[in-house]
Amino acid sequence: MPTLQDLHTRAKNLVASTKEAVSDGVDATLEETTKRVDIVQKDPISANGILNIAILILGFLLFLGLCYVAYKGAKVLGEGIGNVIIPIIPENKDPGIGKPGDDPTVELVVFYGQSLAVGVNGKPILSTTQENPENVLSLSDGPGGSQLPLAPCIEKNRGNEGETPASGMANVYFRKYMKSQKNRVIIVGAFGVGSQSIKDLSPGTMNYERSKERIELILKGAKEKFPDAKSVKQVAMCWLQGERDWKTDTTPDEYKRRFKVMVEDMNKVALSSSSLPPDSPQNTPLAILSYQTSYGSAKGSVITQTQLDMHNEGMLHMVSPIYFLQLASDGIHLSPRSSGIIGAYFARGLDARRRGKRPPLITPQGIAASGNKVTVKFSVPSPPLKAATYRSVQNHGFNISGATITSVDILKNEVVLNTSKPVSQGSIVSYAMSGSGNIGFGTLMDSCEDKVNIGASGQDEVVLSNYCPHFSLTL
């Protein structure tokens, strides 16, 4: 097994070899450039001379760009973490959904997915009043409704549907992140359908087309209600789904493919429904926000890990897992207050995207084994890491296949798992992926102290702590 010093030496050699390759490449480019300059000097105004001028300039610039990328790519996570080197996950550099100075005046945020998107069993409803009736709106029969005119966002009883995350998101977003600006309006819609797989929610299905009709209906009503608005457009889609796909054996590739197609279509709908000209710079792509499903995480669901992979790949922006939230009496859906809390995480996530940032999220960055220890290194938005106290979980939710964890040390930005025997390569290290029921639990969190006030009147203060998402890594 390589030592830490071996890894350090390898990292240095990798950087040195990259620099050498860059240097050799530059020398070769300069040699070729000299040849082409000779051609130009001999016959500068000929077609051959002009062509060579263009080729040598473009080629040289392109090569220098590639060299820079190669050199930057040589950064590795290796020094001080053990005998497995994993590349650092690059920071997402996408531009967000516009600058604060060019915010749309009227913004629509759509919640879509399964039953948690529409507050199934979220009774009794909490958002029965609206403290900002001119600025926080939904359809007249509530966020999950289907009727114009637009009205103050107040939850309505709709069969087994109750408090939705949409209300919590809208109230927190306007109160905290829009800073209660009276010339700003947020409209929310909750259009999920219970027990539906991603296939059954995809473009072309009745579920999707019905949701699309409601989006277009809301934006039509908004344009009529606010004829002098600077702009009216959809700015985000909040995704609450994945529970059904655990039972339908949807593969990660299929899930990603269907999600990509759906997002592309939603962006087309948003663009065609915007009050702005099609070429307006404010018509930026939708912010795609998601929670991480917990249902099935203790029973081998691949969707939980797939959603984290999609976050790491930039397909969506994960705002939080939900395993730490209180459930409704059925043990599956969220309680009314929990719907308000996850709504607040979505509000914070949308604000981050507004500023061109990603929502704060703890993510595993590297893993290594050395003797009777396994070290997992994390990206931590608000260090240090610590253990939550909402419930007691064995080993804080960590497991290692083929090994027994004897103790867990939680440090500033890493967790050390002490084992009864050396851990072999190929072992799987998981977090919040096991348990007696369907949901895996864990207690790893950071020291974030973001406080928001949820509830219709903002009377309930909560801290938006960052909890580590479910994950599984192989040594």
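- With E107 as reference, R354 is the one residue of R354, R353, K233, K230 to meet the salt bridge (Lys or Arg N to Asp or Glu O under 4.0 Å) rule.
- Shown here for R214 and G144, the closest heavy-atom pair between the two residues is NH1-O, 3.5 Å.
- Paired with M237 under the rule side chain to side chain contact (heavy atoms under 4.5 Å, CB included), one option of I288, N267, L108 passes, and it is I288.
- A salt bridge links E254 to R258: at least one charged side-chain nitrogen sits closer than 4.0 Å to a carboxylate oxygen.
- When the shell of 6.0 Å around CD of E216 is examined, it contains more than 12 heavy atoms from other residues, nucleotides or ligands.
- For the pair Y295 and I332, the minimum side-chain heavy-atom distance is below 4.5 Å.
- Within the structure, side chain to side chain donor-acceptor pair (under 3.5 Å) pairs that include any residue of residues 269-280 comprise S274-N283 (at least two apart or interchain).
- Contact of the I405 side chain with the I400 side chain is registered, since non-hydrogen atoms from C-beta on lie closer than 4.5 Å.
- Salt bridge annotation for R175-E131: present, with a cationic side-chain nitrogen under 4.0 angstrom from a carboxylate oxygen.
- No side-chain donor-acceptor contact under 3.5 Å links S430 to the backbone of M433.
- Side-chain atoms of L361 and N466, non-hydrogen and from C-beta on, never get closer than 4.5 Å to each other.
- Paired with I218 under the rule side chain to side chain contact (heavy atoms under 4.5 Å, CB included), one option of L150, V232, L137, V106 passes, and it is L150.
- Of the residues listed (T293, L201, V319), the one engaging W239 in a side chain to side chain contact (heavy atoms under 4.5 Å, CB included) is L201, and it is the only one.
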Legend entry - side-chain contact (heavy atoms from CB on, under 4.5 Å) evaluation trace for L444 with L385: CA-CA 7 Å; L444 187 64; L385 291 169; 4.1 Å; yes
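- Crowding of K182 atom NZ: a count of heavy atoms from other residues, nucleotides or ligands under 6.0 Å exceeding 12.
- Here the side chain of D245 pairs no donor or acceptor atom with the backbone of S197 at under 3.5 angstrom.
- Using a cutoff of 4.0 Å between basic side-chain nitrogens and carboxylate oxygens, K256 and E313 are scored as salt-bridged.
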Inset, instruction - Before giving the answer on side-chain contact (heavy atoms from CB on, under 4.5 Å), spell out for V110 and C238 the whole-Å C-alpha distance, their side-chain angles and the decisive distance to 0.1 Å. - result: CA-CA 6 Å; V110 172; C238 300; over 6 Å; no
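- Ring-plane geometry between Y173 and Y177 is classed as tilted, the angle between the planes lying from 30 to 60 degrees on a 0 to 90 degree scale.
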Inset, instruction - Test E224 against K220 for salt bridge (charged side-chain N to carboxylate O under 4.0 Å, His left out), laying out the working first. - result: CA-CA 6 Å; E224 294 173 352; K220 176 179 179 292; 2.8 Å; yes
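- Using a 4.5 Å heavy-atom cutoff, the side chains of D265 and V263 are not in contact.
- The minimum heavy-atom distance linking P143 with S167 is given by the pair CG-OG, 3.7 Å.
- In E461, the CD atom is crowded: over 12 heavy atoms of neighbouring residues, nucleotides or ligands sit closer than 6.0 Å.
- Two residues are said to be in side-chain contact when any heavy atoms from C-beta on lie closer than 4.5 Å; L327 and L334 meet this criterion.
- V380 approaches P383 most closely through the heavy-atom pair O-CD, 3.5 Å.
- Side-chain atoms of S294 never come within 3.5 Å of backbone atoms of I439 as a donor-acceptor pair (strictly under, hydrogens ignored).
- With contacts defined as side-chain heavy-atom distances shorter than 4.5 Å, the pair I215/V269 qualifies.
- Judged purely by atom type and a 3.5 angstrom limit, Q114 uses its side chain to pair as donor or acceptor with the backbone of E243.
- Using the six-membered ring where Trp is involved, F346 and Y291 have ring planes that are tilted, between 30° and 60° apart.
- Looking at S301, its side chain never comes within 3.5 Å of a backbone N or O of S297 through a donor-acceptor pair.
- A117 and P165 make their closest contact through O-CD, 3.9 Å (heavy atoms, listed as atom of the first residue, atom of the second, distance).
- Ion pairing of D446 with K386 is absent here, as no side-chain N (NZ or NE/NH1/NH2) approaches a carboxylate O to less than 4.0 Å.
- Side chain of R158 to main chain of K156: a donor-acceptor pair is present (N/O by atom type, distance under 3.5 Å, no hydrogens or angles).
- Side chain of H470 to main chain of A432: a donor-acceptor pair is present (N/O by atom type, distance under 3.5 Å, no hydrogens or angles).
- Remark: F471 pairs with F378, Y431 by the ring pair (Phe, Tyr, Trp, His ring centres under 6.0 Å) rule, at least two apart or across chains.
- Looking at E209 and K212, a side-chain N of the basic residue comes within less than 4.0 Å of a carboxylate O on the acidic one, giving a salt bridge.
- Side-chain atoms of F191 and Y208, non-hydrogen and from C-beta on, never get closer than 4.5 Å to each other.
- With Q130 contributing its side chain and P152 its backbone, the two residues share no donor-acceptor pair below 3.5 Å.
- With hydrogens and angles disregarded, no donor-acceptor distance shorter than 3.5 Å links the side chain of Q282 to the backbone of L276.
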Inset, instruction - Please step through side-chain contact (heavy atoms from CB on, under 4.5 Å) for the pair F111 and M169, ending with a clear verdict. - result: CA-CA 10 Å; F111 282 70; M169 182 271 167; 3.6 Å; yes
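- With respect to the salt-bridge test (charged N to carboxylate O, under 4.0 angstrom), the residues R257 and D253 do not qualify.
- Between F324 and Y345, the ring planes lie perpendicular to each other; the angle is over 60°, past the 30° to 60° tilted range.
- Side-chain N or O atoms of S338 include none that pairs as donor or acceptor with a backbone N or O of L325 at under 3.5 Å.
- Within 6.0 Å of CD in Q326 there are 12 or fewer heavy atoms belonging to other residues, nucleotides or ligands.
- Here L217 contributes atom CG and S211 contributes atom OG; the two are 12.5 Å apart, rounded to the nearest 0.5 Å.
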Legend entry - Test side-chain contact (heavy atoms from CB on, under 4.5 Å) applied to S290 and L240, step by step: CA-CA 6 Å; S290 177; L240 297 88; over 6 Å; no
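- Looking only at side-chain heavy atoms (C-beta outward), R348 and C448 come within less than 4.5 Å of each other.
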